[in-house]
Amino acid sequence: MRARKRRGGVWVTLLPLYLFTLVFVAGPLVYMLVLSFQTRAEVWGVVNEFTLSNYANIFQPVYLNTFLESFKLALTSTVLICAIGYPFGYFMAKLSPVWKGRVMLLLMIPFWTSSLIRLYGWIIIFRANGTLDKLLMGVGLTEAPLKLLYTYPAVVVGMVYALLQFMILAVYSSAEKLDWSLVEAARDLGATPIRAFLTVTLPLTLPGLLSGVILTFIPSMGLFFIADILGGNKVVLVGSLIQDQLMKAHNWPFAAALSVVLMALTSLMISLYKRVTHTTELEGLL
Amino acid sequence: MGETILELQGIAKHFGETDVLNGVSIAIGKGEFITLLGPSGCGKTTTLRIIAGLETPDEGRVLLNGKDVTDAEPNQRDVNTVFQNYALFPHMTVAANIGYSLRLKKKPKEEIKKAVEDALALVQLTGYDKRMPAELSGGQRQRVAIARAVVNRPSVLLLDEPLGALDLQLRRQMQLELKALQKRLGITFVYITHDQEEALNMSDRIAVMRDGRFEQVGTPAEVYDSPRTSYVARFVGTANVLSGTVRAVKDDVLSAECAGGCAGALCRGYAFAPGTPVTLAVRSEHVEFTRDPDACGIPAVIQEKTFAGGMLRIALTLADGASLIASRHGIDLDVQTGEAVRVTWRPENAMPVDVEETA
């Protein structure tokens, strides 16, 4: 009796949470799903006519190509982020508590500034005769401006810059939890430092690394404003495509269909993550 | 002691301003079970880590099988460690943990399988090979850690408080098993503990450590019966320590003035001149009471009587304010709290300690 009563109490306290989820998460998702099967109205909005044409549209080469390009960019960015973020997070976990705090602060400071403003900073650095060009020409490494702004590499740099913290924090929280005596045990049992890293450190920090991959790969598929600001019109990503379809072409059903497919792809990745790590928690999220 | 397998020569180690080890030297024989005994912070774990190669000494040398391994990497030493927290690889099965070192050596699969099975049988865990460390109890993890460390048959096995996390009953059982295992394998054990009972039970020799030095190295009997210093006397077997002045020496028995009374002790080979200060150690079970005012004894007042573990523990205060503990089997002792008595002991039960050796 008493147990049941208590359970009822829990229900009541959780109710706001459920309501919030229902209204702000489940509701819009269902709406988006419904929208993706509706037909675009001639002038404005949608008409309630079932169609699969929105999904069929995605298979046009131009859109498929956009998905492919997005995937390539996300992959490139993620690989770079892994290469920089893993060692960073790993060595950060080995710092003294005081230095951990300082580095953590340095990582957090950029969060206090709008990401848009920080991206404009990159414009100043990348633009022709900008900071980078002046620096390189001043040192004598290059003779003419590189014209990096509105190129693919500029977008990659922007992506890496915007998402690197997530990887660092994910790897850090994983490496922080690592019991370093395990590495000592491996060394004691005859492992070279590299073998010890590959057989003990890496497998045990893999959840952090994979979680970092999820946390960077998925957003980099959709972060349209980075591609817009640093790539001009030259780099079109799924994110930009959805935004264009929604805001400029006013083709809501098509934008919804694109979003559904993007979501399906990312869900697929998360389920793969669960498979590999046997956990649903994303390391470093909290 | 036989052939020396491991030798420490003047090992010193500082962490910043702190001297953790101050010139530690010892020669350890093949097949010996040696225990480093001391309170936490005395440098015993650092000593072990230096032997394992996980720490480099600032001064001194480590010789293993006659070879200088002071600067050798941990993986280049024929030494394995049982870590305090076991340090089992959580992502590997029991079998994979035990076979880890053999896989590194690229031994054939069949050989590894056989060696792992043998090691599991040795620690009585046959059939546990497919378990993960998280599925084991503390005692079982302990056994896996031991199996993993001995599977390679190292020259020396280092054990860092391996039984510290186990409950008392299991600890006693594991003491016996470890000792039996050591005899069977003939591997030299360097064992760390802060538990004097454990040290006395298991060791061939005990090195009592204090502030980064060896205070006394000897067999359990030597350390227990003839502590060289008051520190050893207190730490091993919690002896009472009293200071006094030598009054007379006769037939290798000295009598001393202690806390306004009289106490006797064997000289134990030391030469004492009348009038010199002396420190005596007496174990609580050897403290006796007398009411004879003329007998040699020290006046004392009984402060407290407690009964614990089948022993009556009597706390006394001496005239100079020092305290003394006496213990008895049974409870039917005719002394009352607050009563004034004279404490005494047989000279052969008192040990002169902290004697400056001038010879």
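Throughout, protein chains are lettered first and strands after them, A, B, ... in sequence-line order, and every chain is numbered starting at 1. Both backbone and side-chain heavy atoms feed into the values below; hydrogens, waters and symmetry mates do not. What you are looking at is a predicted structure, and each value in this text was computed from that prediction instead of being measured.
- Contact between A:Asp179 and B:Asn85 at its shortest, heavy atoms only, is OD2-ND2, 3.1 Å.
- The local environment of CZ in B:Arg103 is crowded, with over 12 non-hydrogen atoms from other residues, nucleotides or ligands closer than 6.0 Å.
- Counting non-hydrogen atoms of neighbouring residues, nucleotides and ligands closer than 6.0 angstrom, the CZ atom of B:Phe33 exceeds 12 such neighbours.
- Rounding to the nearest 0.5 angstrom, the gap separating the CG atom in B:Leu102 from the CG atom in A:Leu189 is 9.5 Å.
- To the nearest 0.5 Å, atom CD of residue B:Glu55 and atom CD of residue A:Glu184 are 7.5 Å apart.
- Atom CD1 of A:Ile109 sits in a crowded spot, with more than 12 heavy atoms from other residues, nucleotides or ligands closer than 6.0 Å.
- Only the side chain of B:Arg49 comes within contact range of chain A, with at least one heavy atom under 4.5 Å from a heavy atom of that chain.
- Around NE2 of B:His91, the count of heavy atoms belonging to other residues, nucleotides or ligands within 6.0 Å exceeds 12.
- Between A:Asp188 and B:Thr81, the shortest heavy-atom contact is OD2-N, 2.6 Å.
- Closest of all the heavy-atom pairs between A:Leu204 and B:Pro90 is CD2-CG, 3.7 Å.
- Only the side chain of B:Tyr100 comes within contact range of chain A, with heavy atoms under 4.5 Å apart.
- Atom CZ of A:Phe71 has 12 or fewer neighbouring heavy atoms from other residues, nucleotides or ligands inside a 6.0 Å radius.
- Considering only heavy atoms from C-beta on, A:Thr199 stays 4.5 Å or farther from B:Phe89 through its side chain.
- Environment of CH2 in A:Trp180: crowded, with over 12 heavy atoms of neighbouring residues, nucleotides or ligands closer than 6.0 Å.
- For chain A, the nearby part of B:Leu88 is the backbone; its heavy atoms alone come within less than 4.5 Å.
- Of the residues considered (B:Leu54, B:Asn75, B:Val79, B:Leu158), B:Asn75 shows the highest number of contacts with chain A, using heavy-atom pairs under 4.5 Å.
- The number of heavy-atom neighbours closer than 6.0 Å to NZ of A:Lys100, taken from other residues, nucleotides and ligands shown, is above 12.
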